[in-house]
Peer 1: 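Please see the structure below; I have some questions.
These numbers come from the heavy atoms of this one structure, side chains and all, not from hydrogens, waters or symmetry mates. Numbered from 1 within each chain, the chains take letters A, B, ... in sequence-line order.
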Amino acid sequence: MGNPISGERSAACARISKFYNRAAWIDGRAEEQLEQVAGWPGMTAVAGFPDLHPGRFGPVGAAFLADRIWPQLVGPDIGCGMALFRLDLPRRRLKLDKAARRLAVLEDGADLHQALAALDAAGLTGLIGPEALGTIGGGNHFCEVQVVGEVMDHTRTDLQKDDLCLLVHSGSRGRGAGIFQGLDDSWKQGFAAESDAAARYLALHDAATRWARVNRALIASSASEALGSEARLICDTVHNHVVPHSDSWLHRKGAACPEGGLVPLAGSREAPSYLLEVPDTVSEALGSVSHGAGRKYDRSSMHGRIRKTRSDLAALTHTRFGGRVICGDRDLLLEEAGQAYKDPEQVLQNLEGFGIANAVARLLPLVTFKTMGGAA
DNA sequence: ATGTTC
């Protein structure tokens with residue numbers, strides 16, 4: 001593996017670099033999307049990562065460099081990302097069922113005073129309100145208590161085996177979706193970088209991205225307080241955004257932007273997550289890396305893959321690691337089952353094989369909090 | 001993804 005597998009399909013098509021090999025599980029429709037987007041006007045480089053899977057407006061698990069701004073390549077959940085924290089709590093003091101019950105406070109969101117103070121500290125007062133701040137949301141979002149199973153690289157972390165961590169995956173909730181839906185039709189051809197439309201979008205996008213980061217911090221704060229602990233940030237990495245990059249615009253869709261050279265790779269409730277270090281030495285990767293295992297099966301097909309008897313559904317709330325899953329929404333419970341996701345070990349193997357990431361620590365899921373309610 | 005989707 002050494003170099004990314006790249007191909008130039010036509011003069012008008014951006015260079016496509018694929019950071020996965022034949023051993024990776026890649027849906028053919030996602031590759032078609034990758035190739036389609038590479039042909040969009042002004043597209044200069046595209047990178048596909050091993051968590052690649054089909055999305056609504058384009059593939060997820062990819063980064064796109066263009067001379068203009070394409071809001072659909074960021075998608076509705078502007079600023080969505082993953083934040084990893086170390087919990088100041090010995091593993092022996094974590095009782096899974098008790099912890100699972102206590103995490104129900106996440107349903108309420110952040111305390112209003114705390115939310116307003118956090119928004120103010122982020123310079124968002126007057127730009128964006130506190131509503132829904134501190135809530136996880138739906139879909140693939142979660143707040144998960146994890147235990148360090150192994151540290152592979154002690155030079156990049158002070159985490160130790162058996163330390164507890166918190167991995168928070170959430171975004172800008174209704175904010176990003178509102179910004180995206182509020183755009184007029186001109187976005188379909190992309191926004192010229194110097195246009196007023198681009199400036200308006202970017203101002204809203206940047207505020208939503210900062211709000212999402214505050215959201216993840218407040219989720220971690222509520223969760224750690226509920227567990228009688230404190231959370232110390234290790235890294236917070238955005239995977240849906242557009243930012244300036246070498247005189248162009250870099251769009252990340254389900255592709256993580258490392259922070260301090262680190263990024264969490266989310267596995268699933270039935271598989272390990274990883275803390276990765278990203279050397280950023282392969283320019284074709286566009287400063288990006290996989291954000292997780294990536295979906296293997298889409299949501300609707302999961303309804304046909306898992307039986308919906310009471311015992312089958314109950315089995316989904318306990319994992320092979322002895323972990324707990326809190327998800328009162330039955331549809332979401334099976335749509336997000338571990339088997340809906342690719343094998344993160346395989347994703348990691350590809351990332352390491354192409355030299356774009358190295359495992360620092362392996363993290364095992366203990367309590368995956370999704371939502372209390374929504375049961376049909 | 002979504003103060004949601006009859």
Peer 1: Judged by modelled atom types alone, do A/R252 and A/S288 share a side-chain donor-acceptor pair under 3.5 Å?
Peer 2: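 A/R252 vs A/S288: donor-acceptor pair found between side chains.
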Peer 1: For this output row, return yes or no: ring centroids of A/F191 and A/W249 closer than 6.0 angstrom.
Peer 2: no
Peer 1: With heavy atoms under 4.0 Å as the rule, sort A/G75 into base, sugar-phosphate or nothing.
Peer 2: nothing
Peer 1: At under 4.0 Å between heavy atoms, what does A/G137 touch on the DNA or RNA strands: base, sugar-phosphate, or nothing?
Peer 2: sugar-phosphate
Peer 1: Where along residues 301-308 of chain A does a heavy atom fall under 4.0 Å from DNA chain B?
Peer 2: none
Peer 1: A/I179 has an atom CD1; how far is it from atom P of B/dT2, in whole Å?
Peer 2: 14 Å
Peer 1: Does any donor atom in the side chain of A/Y20 or A/E31 lie under 3.5 Å from an acceptor atom in the other side chain?
Peer 2: yes
Peer 1: If you compare every side-chain N and O of A/R173 against the phosphate oxygens of B/dA1 (OP1, OP2), does one of them come in below 4.0 Å?
Peer 2: no
Peer 1: Scan A/R175 against the nucleic acid and name what it touches under 4.0 Å (heavy atoms): base, sugar-phosphate only, or nothing.
Peer 2: nothing
Peer 1: Is there a side-chain polar atom (N or O) of A/N240 under 4.0 Å from OP1 or OP2 of B/dA1?
Peer 2: no
Peer 1: A/R56 side chain N/O closer than 4.0 Å to the phosphate oxygens (OP1, OP2) of B/dT2?
Peer 2: no
Peer 1: Taking any heavy-atom pair under 4.0 Å as a contact, classify A/G139: base, sugar-phosphate, or nothing.
Peer 2: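 Sugar-phosphate contact only - A/G139 comes under 4.0 Å of backbone atoms but never of a base.
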Peer 1: Ignoring hydrogens and geometry, is there a side-chain-to-backbone donor-acceptor pair from A/K296 to A/Q339 under 3.5 Å?
Peer 2: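 Not confirmed, A/K296 side chain does not pair with A/Q339 backbone.
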Peer 1: Would you check if the distance from the ring center of A/H169 to the ring center of A/H239 is below 6.0 Å?
Peer 2: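 Yes; A/H239 has its ring centre under 6.0 Å from that of A/H169.
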Peer 1: Measure the distance from CD1 on A/I136 to C1' on B/dG3 and round it to the nearest whole Å.
Peer 2: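 Rounding to the nearest Å, CD1 of A/I136 and C1' of B/dG3 are 16 Å apart.
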Peer 1: If we count only N and O atoms by modelled type, under 3.5 Å, do the side chains of A/D67 and A/S248 hold a donor and an acceptor together?
Peer 2: no
Peer 1: For the pair made of CG in A/L332 and P in B/dT5, what is the distance, rounded to whole Å?
Peer 2: 16 Å
Peer 1: Figure out the NE2/P separation between A/H141 and B/dG3, and round it to whole Å.
Peer 2: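 Answer to the nearest Å: 11 Å.
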Peer 1: Rounded to the nearest Å, what distance is computed from the CG atom of residue A/D329 to the P atom of nucleotide B/dT5?
Peer 2: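 Value for this atom pair: 14 Å.
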Peer 1: Decide if the gap between the ring center of A/F180 and the ring center of A/Y201 is smaller than 6.0 angstrom.
Peer 2: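 No, the ring centres sit 6.0 Å or more apart.
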